[in-house]
There are 2 protein chains.
Amino acid sequence: MAATDKALAGLRQMIASGELGPGAKFPPEPELCEHLGVSRSSLREAVRSLGALGVIESRHGSGTYVSALDPAAIISRFSLSVDLIPLEGLLELLEVRRVLESHATATAAARQDPELADRLGEILDRLESTTDATEIQHLDAAFHGAICTAGGNPTVTALTDVIRGRGGHYRIFEPGTDFEAIKQSSDRGHRAILAAITTRDPAAAATAASAHIAQTERWLRALRPVPQPVP
Amino acid sequence: MAATDKALAGLRQMIASGELGPGAKFPPEPELCEHLGVSRSSLREAVRSLGALGVIESRHGSGTYVSALDPAAIISRFSLSVDLIPLEGLLELLEVRRVLESHATATAAARQDPELADRLGEILDRLESTTDATEIQHLDAAFHGAICTAGGNPTVTALTDVIRGRGGHYRIFEPGTDFEAIKQSSDRGHRAILAAITTRDPAAAATAASAHIAQTERWLRALRPVPQPVP
DNA sequence: GTGGCGGATTTGTCTGATGACTTAGGCTTA
DNA sequence: TAAGCCTAAGTCATCAGACAAATCCGCCAC
């Protein structure tokens, strides 16, 4: 087995076996090198690998630690790779978001949080009164994020955040062709979701959320260049 | 900005800008070092980071390449971190699996694939006639995997695979307490899913899949030690 | 008791050298 | 001609050593 892979497997094993739990500190690098039988360069490359995945954290001058191993925090790291996925793959991811967020919206509607509807209403008021693309993206994230948070599963919130963040890069809200139509349709979709939450109707909330995200999928699909037949 | 972070940002930028598409080859390491203004050590640590995330691949003796950027392949890499998430977080992830797989099962039922039901039936026949924990885990993965594949969204399949793989580590099917009861209940759940697919009833399929995975959640929850009150 | 200071510890970065693997092209041979 | 070998260049993998930068901790002065 290659040196870096050996170090990687050793580090993961130390965590998986329970030898080191969340927040625990690893031995210093020279000690780990001897224990794992690799050079410091190879060890550090393995540490970086697990660092990128959100499993461990190195603090300059302090030490190397196991992360909290919180699923939402780990999933947030996925944006480093998801943000680079091209449009074709993004459409598959949006189906994941549609299903998950529809579920979270229904759960949020079923719970009786009187403050949620008020907060969502304020966000939509601001959202409907701006045409700035960056602000639209920010407020849209706040709206959906608040609903997912109310859904009660931080992992679902983190996952939908990552996917929504990727979609945002396409900036379908840039002023230009169809901007007015898209904006109005999006605003209507948000109001339908809010209405379902206000009336505490989970089925309507799920349907409204699903329809809203499906609309986003159609806009993004329209951006995809039609495949050319091979001569 | 720290050297490794600078290299990491530079590499991601080269991909995000479209300068290097899926499968493209990076310049040799010495050239990249000069371009990014970092040493070879720092560059290699950055490359390892993106490698762990499934974004780039280094081939010994050949070069460093952008991966296919296929969402399913990238999501499969997440098992490196998800497999280390402790039980509390796993329950949140299982809700994700339940929602996604319920959706995929409904979609599979709606599609008319005459071979699917036959293949699933064969898997269940073998599953019901074994008591080997490893084989049970393998056949269970084959059953759910075939259904998700029929659902038509490889990203959903990859995501549910990762979560199911994590759950499998707890090996609730080890012979011991309640083994018979758990096994029979699991078998019944599988048959209910297959029946819904055979009759092409998406709603029943979604319900059966959701109930089956919810049952798994309850078994895992029973494994979780009850939190002790702090004196 | 408190605050600052300085040494010890630890990770971050750079440099140089060597080994291992892949690839391409020419060469040999049937 | 075509298949196979074989050499050489290109490239990543690993190791070793040194120094810089950040943090941590105990000691000392006040």
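Scope of the values below: all heavy atoms of this structure, side chains included, with no hydrogens, waters or symmetry mates. Numbered from 1 within each chain, the chains take letters A, B, ... in sequence-line order.
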Would you tabulate the pairs of protein nitrogen or oxygen atoms and nucleotide nitrogen or oxygen atoms of nucleotides 17-21 of chain D closer than 3.5 angstrom?
| from | atom 1 | to | atom 2 | distance (Å) |
| --- | --- | --- | --- | --- |
| dA18(D) | N6 | Arg40(A) | NH1 | 3.2 |
| dA21(D) | N3 | His60(A) | NE2 | 3.0 |

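Residues Thr130(A) and Glu135(A) bring a donor and an acceptor atom of their side chains to less than 3.5 Å of each other.
Judged as a side-chain contact (heavy atoms from CB on, under 4.5 Å), and not counting sequence neighbours, the contacts of Arg12(A) are Leu50(A), Leu80(B), Asp83(B), Leu84(B).
Shown for residues 9-16 of chain A: no residue has heavy atoms falling under 4.0 angstrom of DNA chain C. Looking at residues 19-33 of chain B, you'll see that no heavy atom sits under 4.0 Å from any atom of DNA chain C. For residues 42-58 of chain B, proximity to DNA chain D is found at Arg44(B), Arg48(B), Ser58(B), defined as any non-hydrogen atom under 4.0 angstrom from a strand atom.
Smallest separation of non-hydrogen atoms from Lys183(B) and Leu127(B): NZ-O, 3.0 Å.
Counting only residues at least two apart or in different chains, ring-ring contact (aromatic ring centres under 6.0 Å, His included) contacts with residues 132-160 of chain B comprise Phe143(B)-His190(B), His144(B)-His190(B), His144(B)-His212(B).
For the OP1/OP2 pair of dT13(C) and a distance below 4.0 Å, the side-chain nitrogens and oxygens of Thr4(B) include at least one atom meeting the criterion. Residue Thr64(A) places no side-chain N or O under 4.0 Å from the OP1 or OP2 atom of dT10(C).
For Phe26(A) and Tyr65(A), the distance between ring centers is not under 6.0 angstrom.
Nearer the 5' end of DNA chain D, as judged by each residue's closest nucleotide, is the contact made by Gly37(A), out of Gly37(A) and Arg59(A).
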Next on the checklist: Let's go through Ser186(A) and Gln215(A) carefully: what are the C-alpha distance in whole Å and the side-chain angles of both, what is the deciding distance for side chain to side chain contact (heavy atoms under 4.5 Å, CB included) to 0.1 Å, and is it a yes or a no?
Outcome noted: CA-CA 8 Å; Ser186(A) 174; Gln215(A) 183 63 57; over 6 Å; no

